[in-house]
Amino acid sequence: QVQLVESGGGLVQAGGSLRLSCAAAGRTYSVTMAWFRPAPGKEREFVAAITWSGTNTRYADSVKGRSTISVDNAKNTVYLQMNSLKPEDTAIYYCASARTPVGVHFWEYQYWGQGTQVTVSS
(Lines give C-alpha, C1' and ligand atoms only; values in the text may rest on other atoms or scores of the structure.)
Protein backbone atom coordinates (compact mmCIF):
# COMPACT_ATOMS: atom_id res chain seq x y z
CA GLN A 1 0.00 0.00 0.00
CA VAL A 2 1.28 3.45 -0.97
CA GLN A 3 -0.16 6.56 0.65
CA LEU A 4 0.20 9.81 -1.26
CA VAL A 5 -0.35 13.32 0.06
CA GLU A 6 -0.20 16.32 -2.26
CA SER A 7 0.43 19.93 -1.32
CA GLY A 8 1.50 23.18 -2.89
CA GLY A 9 -1.55 24.11 -4.90
CA GLY A 10 -3.04 27.57 -4.79
CA LEU A 11 -4.13 30.65 -6.68
CA VAL A 12 -1.62 32.31 -8.97
CA GLN A 13 -1.75 34.83 -11.78
CA ALA A 14 -1.04 33.83 -15.34
CA GLY A 15 2.70 33.73 -15.93
CA GLY A 16 3.39 32.79 -12.33
CA SER A 17 4.85 29.63 -10.82
CA LEU A 18 3.89 26.94 -8.33
CA ARG A 19 5.67 23.90 -6.95
CA LEU A 20 3.51 20.91 -6.16
CA SER A 21 4.72 18.27 -3.72
CA CYS A 22 3.69 14.66 -3.24
CA ALA A 23 4.85 12.82 -0.14
CA ALA A 24 4.79 9.04 -0.49
CA ALA A 25 4.55 6.59 2.40
CA GLY A 26 4.94 2.85 1.93
CA ARG A 27 6.64 3.25 -1.42
CA THR A 28 8.35 -0.18 -1.44
CA TYR A 29 6.52 -1.30 -4.57
CA SER A 30 6.46 2.09 -6.25
CA VAL A 31 8.57 2.49 -9.38
CA THR A 32 7.10 5.55 -11.02
CA MET A 33 5.43 8.69 -9.73
CA ALA A 34 3.28 10.90 -11.89
CA TRP A 35 0.95 13.88 -11.95
CA PHE A 36 -2.42 13.86 -13.66
CA ARG A 37 -5.24 16.38 -13.97
CA PRO A 38 -8.81 16.15 -15.26
CA ALA A 39 -9.39 17.35 -18.82
CA PRO A 40 -12.41 17.65 -21.10
CA GLY A 41 -13.20 14.27 -22.58
CA LYS A 42 -10.66 12.49 -20.39
CA GLU A 43 -10.96 11.05 -16.94
CA ARG A 44 -7.47 12.14 -16.03
CA GLU A 45 -4.89 13.68 -18.34
CA PHE A 46 -1.24 12.81 -17.98
CA VAL A 47 1.00 15.73 -16.98
CA ALA A 48 4.42 14.33 -16.06
CA ALA A 49 6.09 11.22 -14.65
CA ILE A 50 9.41 10.20 -13.15
CA THR A 51 11.00 7.05 -11.80
CA TRP A 52 12.30 7.11 -8.24
CA SER A 53 15.78 6.71 -9.68
CA GLY A 54 15.26 10.04 -11.39
CA THR A 55 16.65 8.69 -14.65
CA ASN A 56 13.42 8.46 -16.62
CA THR A 57 11.00 11.32 -17.07
CA ARG A 58 8.11 12.05 -19.41
CA TYR A 59 6.05 15.17 -19.97
CA ALA A 60 2.81 15.95 -21.71
CA ASP A 61 3.24 18.29 -24.66
CA SER A 62 0.99 20.79 -22.92
CA VAL A 63 3.50 21.34 -20.09
CA LYS A 64 6.80 20.45 -21.73
CA GLY A 65 9.29 23.26 -21.40
CA ARG A 66 7.28 24.90 -18.63
CA SER A 67 7.38 22.20 -15.98
CA THR A 68 10.01 20.07 -14.25
CA ILE A 69 9.34 16.89 -12.29
CA SER A 70 11.91 15.77 -9.73
CA VAL A 71 12.34 13.42 -6.79
CA ASP A 72 13.92 13.65 -3.36
CA ASN A 73 14.48 10.07 -2.23
CA ALA A 74 15.58 11.13 1.24
CA LYS A 75 12.18 12.74 1.76
CA ASN A 76 10.18 10.23 -0.32
CA THR A 77 8.76 13.22 -2.13
CA VAL A 78 8.11 14.07 -5.75
CA TYR A 79 7.87 17.65 -6.97
CA LEU A 80 6.30 19.31 -9.98
CA GLN A 81 7.66 22.77 -10.63
CA MET A 82 5.25 24.61 -12.90
CA ASN A 83 6.30 27.88 -14.54
CA SER A 84 4.65 30.27 -16.99
CA LEU A 85 1.29 29.07 -15.79
CA LYS A 86 -1.75 29.59 -18.02
CA PRO A 87 -5.45 29.75 -17.15
CA GLU A 88 -5.89 26.42 -18.92
CA ASP A 89 -3.59 24.83 -16.33
CA THR A 90 -6.36 25.35 -13.78
CA ALA A 91 -7.31 21.93 -12.40
CA ILE A 92 -7.02 19.59 -9.47
CA TYR A 93 -3.62 17.92 -9.75
CA TYR A 94 -3.42 14.31 -8.61
CA CYS A 95 -0.28 12.46 -7.64
CA ALA A 96 -0.13 8.79 -8.58
CA SER A 97 2.15 5.80 -8.07
CA ALA A 98 2.76 2.82 -10.35
CA ARG A 99 4.67 -0.44 -10.12
CA THR A 100 5.81 -0.11 -13.73
CA PRO A 101 8.01 2.45 -15.47
CA VAL A 102 6.74 5.78 -16.68
CA GLY A 103 3.28 5.10 -18.04
CA VAL A 104 1.14 7.91 -19.40
CA HIS A 105 -2.29 6.37 -18.88
CA PHE A 106 -4.19 6.74 -15.61
CA TRP A 107 -5.07 3.03 -15.59
CA GLU A 108 -1.39 2.16 -15.25
CA TYR A 109 -1.30 3.73 -11.78
CA GLN A 110 -2.45 1.86 -8.70
CA TYR A 111 -2.37 4.48 -5.98
CA TRP A 112 -3.68 8.02 -5.95
CA GLY A 113 -3.61 11.03 -3.71
CA GLN A 114 -6.58 13.26 -2.92
CA GLY A 115 -5.41 16.05 -5.19
CA THR A 116 -4.38 19.67 -4.81
CA GLN A 117 -6.18 22.56 -6.50
CA VAL A 118 -4.30 24.84 -8.87
CA THR A 119 -6.11 27.96 -10.05
CA VAL A 120 -4.53 30.32 -12.57
CA SER A 121 -6.21 33.67 -13.03
CA SER A 122 -5.95 35.66 -16.24
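Between the side chain of Glu6 and the main chain of Thr116, no donor-acceptor pair closer than 3.5 Å is present. Side-chain atoms of Thr51 do not come within 3.5 Å of backbone N or O of Val31 as any donor-acceptor pair. Remark: side-chain polar atoms of Gln110 are paired, donor with acceptor, to backbone N or O of Arg99 under 3.5 angstrom. At distances below 3.5 Å, not a single donor-acceptor pair connects side-chain atoms of Thr55 with backbone N or O atoms of Ser53.
Counting heavy atoms from C-beta on, the side chains of Tyr109 and Arg44 never come closer than 4.5 Å. Residues Met33 and Ile69 fail the side-chain proximity criterion, which asks for heavy atoms closer than 4.5 Å. The shortest distance between side-chain heavy atoms of Arg58 and Thr32 does not fall below 4.5 Å. When side chains are defined from C-beta on, Cys95 counts as touching Trp35, because their heavy atoms get closer than 4.5 Å. Using a 4.5 Å heavy-atom cutoff, the side chains of Leu4 and Gln114 are not in contact.
Linking ILVMFWY side-chain heavy atoms closer than 4.5 Å, directly or via other members, places Val63 and Phe46 in two distinct hydrophobic clusters. Transitive grouping of hydrophobic side chains (ILVMFWY, heavy atoms separated by less than 4.5 Å) brings Trp52 and Leu80 into a common cluster. In the hydrophobic clustering of ILVMFWY residues, with side-chain heavy atoms under 4.5 Å counting as a link, Tyr93 and Val12 come out together. With hydrophobic clusters built from ILVMFWY side chains whose heavy atoms lie under 4.5 angstrom apart, Phe36 shares a cluster with Ile92. Under the 4.5 Å side-chain heavy-atom criterion for Ile, Leu, Val, Met, Phe, Trp and Tyr, Val2 and Tyr94 are members of distinct hydrophobic clusters.
Between Ser122 and Ala14, the shortest heavy-atom distance links the atoms CA-CB, 4.4 Å. Considering every non-hydrogen atom in both Arg37 and Ser62, the closest pair reads NH2-OG, 3.4 Å. When all heavy atoms of Leu20 and Met82 are compared, the closest pair comes out as CD1-SD, 4.0 Å. Between Ser17 and Ser84 the shortest heavy-atom distance is OG-N, 4.3 Å. Listed here is the closest heavy atom pair of Ser21 and Thr77: CB-CG2, 4.2 Å.
To the nearest 0.5 Å, atom CD of residue Gln13 and atom CG of residue Leu85 are 11.5 Å apart. One finds the OH atom of Tyr79 at 8.5 Å from the OG atom of Ser7 (value rounded to the nearest 0.5 Å). To the nearest 0.5 Å, the span separating CG on Asn83 from OG on Ser67 amounts to 7.0 Å.
Taking the charged nitrogens against the carboxylate oxygens, Asp89 and Lys86 have no contact shorter than 4.0 Å, which rules out a salt bridge.
Aromatic rings from Phe106 and Trp112 are positioned such that their centres are separated by 6.0 Å or more.
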